[in-house]
Amino acid sequence: MAGIVEKIYNASPYPVKFILLNIKGYLNTKQRYNKEYEVFLKQHIALWDASLDTVQEYQKEKLKILLSEVFEYSDWYSVIMKNLGITLNDIDQNPIAVLKKMPILKKVDRKTKVDQIVNKKRETAMVGHTSGTSGSPTIDYLDVESINVSFAIWKRFHHVIGVNPKCRQVRFSGRILIDAKTRKPPFWLYNYFENQLLMSTYHLTKSAIPSYVKKLKQFKPELIDGYPSAIYIISKYINNNNIDIGFAPNAIAVTAETLYDYQRFEIEKAFNCHVYNQYASSEGSPFITECVKGNLHMNLDSGVFEFINTEGQPAKPGEIAKLVVTSFINLKTPLIRYSIEDTVVLSKEGESCDCGCAMPIIEKLTGREDDILWTKEKGFVGRMDTAYKGLEGIVKGQIIQENPEEIVVNLIVDANFDDTMQDRLLHNLKVRLGESVAYKINRVDNISLGANGKFDAVKRNFELNF
């Protein structure tokens, strides 16, 4: 059904797109921001300022609930726990010890065993498709409580950085909002129910960027959020042309990609506003959010964080660590000791923050190393993993841009990937990067890892001159 609705939306003229978007916006608002959400929001705002003991006690109780539910209602986890000799009494007495006994959940199992992993106690309220930074799409089942909790913690982040929930907002994300062939503005749609201007990240050509800047000056958002690569491209244009935009947002919050220091510098210079970083995932990983003092706090009330070094051992302060998470954000598709394949740098021992939040901090988010691509037709494009959304049979994908006119896609596929899927992938690439580029799709047995053992989902093998 979702695929049919998307096809109707994409084929519709701009006025119909506006109506369809706002119908969806209304439905989302009703589902996300109900009375239960208000209760969760109040609870999590209080936890931000609570003592570490209080937060850890809350975390322990939430872990008990999670482990007890999967013990009884998840085919995947139930078998594992019973084979390990774990009982409900063990969970009640010492949930942390039980968690340490559990094996690490790998991405391939999260992707291919989702129907076994799901928590059958909870009713499905929404089915999503996670694009995945490894180029491997994943089905995501959500229940109502998980939706409410995740949005409560997200809005708690906004509350902490001084953003009014009903303020004017601009969002840059990977959604296809506007027809790919559109060459003239508008390159955006207004979501009335959230006072949110959604701006396309697929039309940032040299000729189009001035219209984005003009619209931003007109709309005067109090919050800008979304992909740092898109916000950076506009910021670079503003700075290079010495444009006075005539307003300053209260905050800019970036997510979904690595925020690089050069991007932060240009964005803050252009908008005269602090850029706040955050970490989450559409799979439902726990949150890491930046506070007003510029530190990244692990939101312990959203899950349990573990850090593993490159040798598979618990990471030490100052080391680059692989992130393993147990989440309270998605109780329908539970993540328990999930290797999410993102990395962080741990803070030095004893470091804390004086912002008023006692939750521990990390030094830096280093995962999500997607690169910015460039084509003559589409301009600058970041976060290409959305091209895989809704496709079946892709185990792993890598997009390589050798030059502005040539794109190579290496795919590890299974039996579900056929010529129809390849045609859909090619269509998705053309929507994002243009019709004039030469595309070569290779089905391969293996894709080599990049530097430091990381998988490069997107690689650009030439320098960009901004």
Side-chain angles (χ1 to χ4, degrees), residues 14 17-34 37-38 41 44-45 147-148 150-178 185-204 209 211-235 238 245-257 259 263-264 267-268 270-280 282 287 289-292 382-383 386:
Y14 186 88
K17 279 184 167 69
F18 173 80
I19 294 170
L20 292 175
L21 176 80
N22 277 277
I23 291 172
K24 180 63 174 173
Y26 170 76
L27 295 174
N28 283 345
T29 300
K30 295 287 286 184
Q31 184 182 57
R32 295 168 180 173
Y33 306 119
N34 51 29
Y37 156 83
E38 296 291 345
L41 177 60
H44 287 288
I45 287 175
I147 294 170
N148 295 155
S150 63
F151 275 91
I153 296 178
W154 183 50
K155 290 297 184 180
R156 191 260 304 274
F157 166 58
H158 287 173
H159 170 83
V160 167
I161 62 176
V163 172
N164 186 305
K166 296 183 180 180
C167 73
R168 291 185 306 280
Q169 304 175 35
V170 165
R171 160 157 286 197
F172 292 89
S173 72
R175 290 185 60 184
I176 302 294
L177 299 166
I178 306 299
F187 303 112
W188 44 79
L189 282 167
Y190 180 62
N191 176 359
Y192 172 83
F193 293 97
E194 295 193 62
N195 199 10
Q196 183 184 62
L197 189 67
L198 300 169
M199 288 191 142
S200 171
T201 58
Y202 300 111
H203 294 78
L204 290 168
I209 291 175
S211 66
Y212 279 82
V213 175
K214 182 179 179 181
K215 184 62 179 179
L216 286 168
K217 291 175 69 174
Q218 182 185 67
F219 190 70
K220 293 181 172 57
E222 297 164 79
L223 170 68
I224 299 175
D225 82 340
Y227 294 175
S229 59
I231 304 170
Y232 164 75
I233 289 162
I234 292 172
S235 300
I238 291 170
I245 60 172
F247 74 96
N250 292 334
I252 296 176
V254 298
T255 190
E257 297 174 341
L259 172 64
Q263 292 173 327
R264 183 191 286 273
I267 296 170
E268 292 185 345
F271 290 97
N272 192 28
C273 171
H274 184 74
V275 175
Y276 292 91
N277 204 356
Q278 61 171 318
Y279 175 87
S282 47
F287 283 64
T289 56
E290 185 174 334
C291 71
V292 292
R383 193 68 194 268
T386 57

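Atoms considered below: every heavy atom in the structure, side chains included; atoms not considered: hydrogens, waters and symmetry mates.
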Nearest non-hydrogen partners of Val163 and Ala251, listed with the distance: CG2-CB, 3.8 Å
What residues form a ring pair (Phe, Tyr, Trp, His ring centres under 6.0 Å) with Phe247, not counting sequence neighbours? none
Which residues satisfy the side-chain hydrogen bond (donor to acceptor under 3.5 Å, both in side chains) test with Ser235, sequence neighbours excluded? none
Working to the nearest 0.5 angstrom, can you tell me the gap between Ile45 CD1 and His159 NE2? 4.0 Å
List the residues meeting side chain to side chain contact (heavy atoms under 4.5 Å, CB included) with Cys291, not counting sequence neighbours, and say none if there are none. Trp48, Lys293, Asn295, His297, Cys353, Cys355
side-chain hydrogen bond (donor to acceptor under 3.5 Å, both in side chains) involving Asn195 - partner list, sequence neighbours excluded: Tyr190
Non-hydrogen side-chain atoms of Lys215 and Leu197 separated by less than 4.5 Å: yes
Specify whether Phe157 and Tyr276 have parallel, tilted or perpendicular ring planes, treating 30° as the upper limit for parallel and 60° as the lower limit for perpendicular. perpendicular
Rounded to the nearest 0.5 Å, what separates atom CD1 in Ile224 from atom CZ in Phe219? 10.0 Å
Residue pair Thr289 / Val160, side-chain heavy-atom distance below 4.5 Å: no
When rounded to the nearest 0.5 angstrom, what distance separates CZ in Phe193 from CD1 in Ile23? 9.0 Å
Can you name the side chain to side chain contact (heavy atoms under 4.5 Å, CB included) partners of Tyr14, sequence neighbours left out? Ile178, Pro186, Trp188, Leu189
Main-chain N/O of Tyr37 paired with Asn34 side-chain donor or acceptor, under 3.5 Å: yes
Is the backbone N or O of Ile176 less than 3.5 Å from a side-chain atom of Tyr202, with the two atoms forming a donor-acceptor pair by type? no
Are Leu216 and Met199 packed together at the side-chain level, in the sense that at least one heavy-atom pair is separated by less than 4.5 angstrom? yes
Heavy atoms only: give me the nearest Pro249-Cys273 pair and the separation to one decimal. O-SG, 3.3 Å
Does Lys24 NZ have over 12 foreign heavy atoms under 6.0 Å away? no
Do Ser200 and Tyr212 come close enough that some side-chain heavy atom pair is under 4.5 Å? yes
Dump the intermediate steps for side-chain contact (heavy atoms from CB on, under 4.5 Å) on Arg168 and Lys220, then the final yes or no. CA-CA 8 Å; Arg168 291 185 306 280; Lys220 293 181 172 57; 4.1 Å; yes
Results of side-chain hydrogen bond (donor to acceptor under 3.5 Å, both in side chains) for Lys17 - residues two or more places apart only: none
Any chance you could measure Arg175, atom CZ, to Leu198, atom CG, to the nearest 0.5 Å? 6.0 Å
Between Pro221 and Gln169 the two heavy atoms that sit nearest each other are CB-C, 4.4 Å
Expected output: side-chain Thr201 to main-chain Ser173 donor-acceptor under 3.5 Å: yes
Go through Phe187 and Leu204 one step at a time and tell me if the side-chain contact (heavy atoms from CB on, under 4.5 Å) criterion holds. CA-CA 9 Å; Phe187 303 112; Leu204 290 168; over 6 Å; no
Across all chains, not counting sequence neighbours, the salt bridge (charged side-chain N to carboxylate O under 4.0 Å, His left out) partners of Glu268 are Arg264
Not counting sequence neighbours, which residues clear side chain to side chain contact (heavy atoms under 4.5 Å, CB included) with Asn164? List them please. Lys166, Cys167
Under the ring pair (Phe, Tyr, Trp, His ring centres under 6.0 Å) rule, collect the residues that match up with Phe151, sequence neighbours excluded. Tyr33, Trp154
Mind checking side-chain hydrogen bond (donor to acceptor under 3.5 Å, both in side chains) for Ser150 and listing every partner two or more places apart, or none if nothing turns up? none
Would you say the side chain of Ile252 lies within less than 4.5 Å of the side chain of Asp225, judging by non-hydrogen atoms? no
Between atom CG of Asn22 and atom CG of Leu27, what is the distance when rounded to the nearest 0.5 Å? 11.0 Å
If you count the non-hydrogen atoms of other residues, nucleotides and ligands that lie under 6.0 Å from CZ in Arg32, is the total more than 12? yes
Short question: side chain of Asn191, backbone of Tyr26 - any donor-acceptor pair under 3.5 Å? no
Rounded distance [0.5 Å steps], CD1 in Ile238 versus CZ in Phe271: 4.0 Å
Where the side chain of Glu290 meets the backbone of Asn277, is there a donor-acceptor pair that is under 3.5 Å apart? yes
Measure across Gln278 and Val254 and return the closest heavy-atom pair with its distance rounded to 0.1 Å. CG-O, 3.1 Å
Kindly write out the residues that satisfy ring pair (Phe, Tyr, Trp, His ring centres under 6.0 Å) with Phe18, not counting sequence neighbours, or none if the list is empty. none
Hits for side chain to side chain contact (heavy atoms under 4.5 Å, CB included) against Asn250, two or more places apart or cross-chain, chain-then-number order -> Glu222
